[in-house]
Amino acid sequence: MKNFKRYLVTSALPYANGPIHIGHLAGVYIPSDIYTRFLRMKGVDVISVCGSDEHGVPITLKARKEGVSPQEIVDRYHTINKKAFEDFGIAFDIYSRTSNKVHYDTASEFFKTLYDKGEFTEKSTDQYYDEEAGCFLADRYIMGTCPHCGNENAYGDQCEKCGTSLSPNELINPHSTVSGSKPVLRETLHWYLPLDKYEPWLKKWILEDHKEWKANVYGQCKSWLDQGLQPRAVSRDLDWGVPVPVDGAKGKVLYVWFDAPIGYISATKELTPDWEKYWKDKETKMVHFIGKDNIVFHCIIFPAMLHAEGSYILPENVPANEFLNLENDKISTSRNWAVWLHEYLEDFPGKQDVLRYALCANAPETKDNDFTWKDFQARNNNELVAILGNFVNRTLVLTNNYYDGKVPARGKTDSNDDAVLQEFAKIKENVETSLETYRFREALKEAMNLARLGNKYLADAEPWKVIKTDPERVKTIMNIALQITANLTIICEPFLPFSMTRLRGWINLNELKWSEAGKSDLLKAGHEINKPGLLFEKIEDEEITRQIDKLLATKKANEVAGAKTTPGKNAITFDDFSRIDIRTATILEAEKVPKTTKLLKLKIDTGLDIRTIVSGIAEYYEPDAIIGKQISIVANLEPRKIKGIESQGMILMAEDKDGKLVMVTPATKVSNGSMIK
RNA sequence: UGCGGGGUGGAGCAGUGGUAGCUCGUUGGGCUCAUAACCCAAAGGUCGGAGGUUCGAAUCCUUCCUCCGCUACCA
């Protein structure tokens, strides 16, 4: 493995439109923090940079909704998030932001360099413009009727009802979700980064030179590269962001994904005048910690930008994590389905390490994982308290009881003692190897093995028994137990910095370098220790129940909030209405359409005829259960082929606020083909 | 539809060709210094299904099922 002179660790810039939750922590910031702390302890030159990502459309929309300026929004969340990181001991050297001047200058200059080198291509396109709001609309902010399934709430990029991907101009009756008005097409000029041009270079750099990247990262990159890269726009029509530094580019800003990663550079600039040695010296190892949604940006687009610019180094590794779920459900900011850092600390003051431990032990390193409060409790009670806390406690209590808090001298060791002492170095080695290969879960488990070793040692040596027959021997035993404790303060420091600080206080030990780990004379004979407290406390069921109740309350609140009925539609004439042929019918046969989750193929009696209708209700109705049911249908809807089956009409369903579909059935049985009017 | 990542004892994970491991939980025993914590032992898996390659497969190939992503900058 290549030896580097210094390290540059970056952590994904959190988007400043909401607070930080446990998913962010588990996916990005805990691993990056452990990694950074480990490197610092090794005494290598390392800086860790992060900051708020403060541009982009969602922030402007949030601002518009609240009637404040975008700056106010980002100020709010920048402050909250910066504090949350500090509170959890996430040890960035700098937590910057992309709305500050250094960043504007850096991003602007970066763009200018590429522009001057002729790296960009320019292209004019027609895009939807919202005249009322005075802005261009991203695909996502246009809604309309899906041309395929008739869903009236299809987005400009995709219809969630039938799953087809769309482009905004396919939508029938498009309207802006910003103002509600009908958008118009307007021509606009943008700059593109020709990713296709860098494709061969990227292929070699990733697929050949970085086979060691994590499977999820490498696979994702390979998939993109194999499919062929397209030029990507680097500018947007928006008044919030870094202005495009080119004449005639008024009203245009750098697209967020272009400016955000440059935030790493500007943060470094803000931190140190020596920033260039971290970014431009081949002796620097750069590592990006991110979540899986960011893989493409950090592995393909940003490296392509850096490569095009020419003077920058590239990331050595991009250890992306998968996602963390919460109690079996996706974490969601908008649905408030999350554990927010600031709220956690209100409920569990001083227990940062417990969360750090639980999240690291259960980090989504290879696949999505689930965070449950029960698991959190078990990790705390069965591992932190029972194994680590307990070992420390029994060692310190015994030392205080037997030797009045003075470290006893070690006498002659027996073979078991020697075996234990030799384990130190092995454990240190294991932790180190795991950390260097970004396997944090494993590293943590290895670190805990030191405490396990300690417990076993005490159980085997039984000092509380031996003290009655051979007090000299006990001095050796306790000396060794204390050396294990001292080693713990080093080995566990990257993972549990708050607790290890307390532990060092109890044994009167300064923070030691990583290289001291593995030694068996960290505490000299006669060294005095203090009265210990409890390193970790048991978490009772009631506290866990309270958290779960809190989440259940959120779920309820969401349902109430979601209960808002869809806004009414524009008036139509009676003539419009009478053109629709709605009538009753009875289901004769029903079967699932193979290889689909939602579709049922139904044979129905409409009174006029027997016909086939394909309907997306399979998630709510079992085929067998609905045979014989009377329903309402639109009989004169243009036939459509769905999954190769011609569907002749549509079944009327009432859609509940949670998306649940319910049949519209006549209150009492009527003859098939009865008109509904 | 396609592509990427998963599917291993009750839970969470490791294991990429050679007798299936770890942590937690469970059961039994031991110990009593310790926050009923600790130590020992045991039970528990035909490694998502099917087919194939091989002397031999969780591990390679084919196919199917299933979860999560790639599509709302939400890590």
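Letters A, B, ... are given to chains in the order of the sequence lines, protein chains preceding strands, and every chain is numbered from 1. Everything numeric in this text was worked out from a predicted model, so none of it was measured.
In this structure A:Glu327 satisfies the salt bridge (Lys or Arg N to Asp or Glu O under 4.0 Å) test with no other residue, sequence neighbours excluded.
The A:Val397 side chain lies nearest to B:C33 when the options are B:C24, B:C13, B:C33. You'll find that the side chain of A:Arg394 is closest to B:C38, out of B:C73, B:G5, B:C38. The A:Asp368 side chain lies nearest to B:C68 when the options are B:C40, B:C68, B:A75. Set against B:C13, B:C38, B:G4, the side chain of A:Gln220 has B:G4 as its closest nucleotide. Ranking B:C73, B:A34, B:C70 by closeness to the A:Tyr255 side chain, first place goes to B:C73. Here B:A75 is the nucleotide among B:C74, B:C33, B:A75 with the atom lying nearest to any side-chain atom of A:Phe323. The nucleotide whose nearest atom lies closest to any side-chain atom of A:Asn362 is, among B:G5, B:U71, B:G12, B:G12. Set against B:A75, B:G25, B:A34, the side chain of A:Asn393 has B:A34 as its closest nucleotide.
With C1' as the reference atom, B:G2 and B:G17 are 31 Å apart, rounded to whole Å. For B:G51 and B:A57, the P atoms lie 13 Å apart once the distance is rounded to whole Å. Using C1' as the reference atom, B:G44 and B:U23 are 16 Å apart when rounded to the nearest Å. Taking atom P in both B:A37 and B:G28, the straight-line distance is 15 Å, to the nearest Å. Using P as the reference atom, B:C55 and B:G21 are 26 Å apart when rounded to the nearest Å. Rounded to a whole angstrom, the distance from the C1' atom of B:U32 to that of B:U19 is 40 Å. If you take atom C1' in B:C60 and the same atom in B:C24, they sit 33 Å apart, rounded to whole Å. B:A42 and B:C47 have their P atoms separated by 23 Å, given to the nearest Å.
Here the CD1 atom belonging to A:Ile301 is positioned 12.5 Å from the CD1 atom belonging to A:Ile295, to the nearest 0.5 angstrom. Rounding to the nearest 0.5 Å places CZ of A:Arg394 at 5.0 Å from CG of A:Asn455. Atom-to-atom distance recorded for A:Cys492:SG and A:Phe495:CZ is 7.5 Å, nearest 0.5 angstrom. Here the straight-line distance linking atom CG of A:Asn382 with atom CD1 of A:Ile387 works out to 7.5 Å at 0.5 Å rounding.
For A:Asn369 (side chain) and A:Ala363 (main-chain N/O), a donor-acceptor pair under 3.5 Å exists by modelled atom type. Checked by atom type and distance alone, the side chain of A:Asn479 pairs as donor or acceptor with a backbone atom of A:Pro408 at under 3.5 Å. With hydrogens and angles ignored, the 3.5 Å screen pairs no side-chain donor or acceptor of A:Arg356 with any backbone N or O of A:Ile30.
For A:Glu322 and B:G7, the CD to C1' distance is 14 Å, given to the nearest whole Å. We find that CD1 of A:Ile300 is positioned 14 Å from P of B:G4, with the value rounded to whole Å. Residue A:Asn382 contributes atom CG, which lies 13 Å from atom C1' of B:G12 at whole-angstrom precision. Look at CH2 on A:Trp213: it is 18 Å from P on B:G4, rounded to the nearest Å. Between A:Gln230 atom CD and B:C70 atom C1' the separation is 15 Å, expressed in whole Å. For A:Asn390 and B:U35, the CG to P distance is 8 Å, given to the nearest whole Å. Here the C1' atom of nucleotide B:A75 and the OH atom of A:Tyr15 are 15 Å apart, to the nearest Å. Atom P of nucleotide B:A14 and atom NZ of A:Lys367 are separated by 7 Å, given to the nearest angstrom.
Across all strands shown, A:Trp257 has heavy atoms under 4.0 Å from base atoms, whether or not it also approaches the sugar-phosphate. Within the nucleic acid shown, A:Lys222 has no heavy atom closer than 4.0 Å to any nucleic acid atom. Residue contacts shown for A:Leu458 are absent, as no nucleic acid heavy atom lies under 4.0 Å away. Using a 4.0 Å heavy-atom criterion, one finds that A:Glu383 contacts the sugar-phosphate atoms exclusively. As judged by a 4.0 angstrom heavy-atom cut-off over every strand, A:Asp370 is placed among residues making no nucleic acid contact. Using a 4.0 Å heavy-atom criterion, one finds that A:Gly56 contacts no nucleic acid atom at all.
Searching all strands for a Watson-Crick or G-U wobble partner of B:G2 with both distances below 3.5 Å returns B:C70. With a 3.5 Å ceiling on both atom-pair distances, B:U53 lacks any Watson-Crick or G-U wobble partner. If you check B:A42 for Watson-Crick or wobble pairing at under 3.5 angstrom, you find it paired to B:U26. Across all strands shown, B:U19 remains unpaired; no Watson-Crick or G-U wobble contact has both distances below 3.5 Å.
Within the 4.5 Å cutoff, the side chain of A:Arg473 has heavy atoms near those of the A:Thr476 side chain.
Aromatic pair A:His288/A:Tyr264: centroids less than 6.0 angstrom apart. The aromatic ring centres of A:Tyr438 and A:Tyr35 sit less than 6.0 Å apart.
For A:Arg236 and A:Asp259, the salt-bridge test fails: no basic side-chain N is under 4.0 Å from an acidic carboxylate O.
Judged by closest nucleotide on RNA chain B, A:Ala215 is the one of A:Ala215 and A:Asn321 placed further toward the 5' end. Nearest-nucleotide positions on RNA chain B for A:Ala386 and A:Gly219 put A:Gly219 closer to the 5' end.
The phosphate of B:G25 (OP1 or OP2) has no side-chain N or O of A:Lys374 nearer than 4.0 angstrom. Look at A:Thr366 and you'll find a side-chain N or O under 4.0 angstrom from OP1 or OP2 of B:A14. OP1 or OP2 of B:G12 has not a single side-chain nitrogen or oxygen of A:Arg441 nearer than 4.0 Å.
Listed in residue order, the members of residues 530-544 of chain A having a heavy atom less than 4.0 Å from RNA chain B are A:Leu534, A:Leu535, A:Phe536, A:Lys538. At a non-hydrogen distance threshold of 4.0 Å, A:Ile290, A:Gly291, A:Lys292, A:Asp293, A:Asn294 from residues 289-297 of chain A come into contact with RNA chain B.
More than 12 heavy atoms of other shown residues, nucleotides or ligands fall within 6.0 angstrom of atom NZ in A:Lys292.
Residue ring and base: A:Trp464 counts as stacked with B:C33 (centre distance below 5.5 Å, interplanar angle below 30°).
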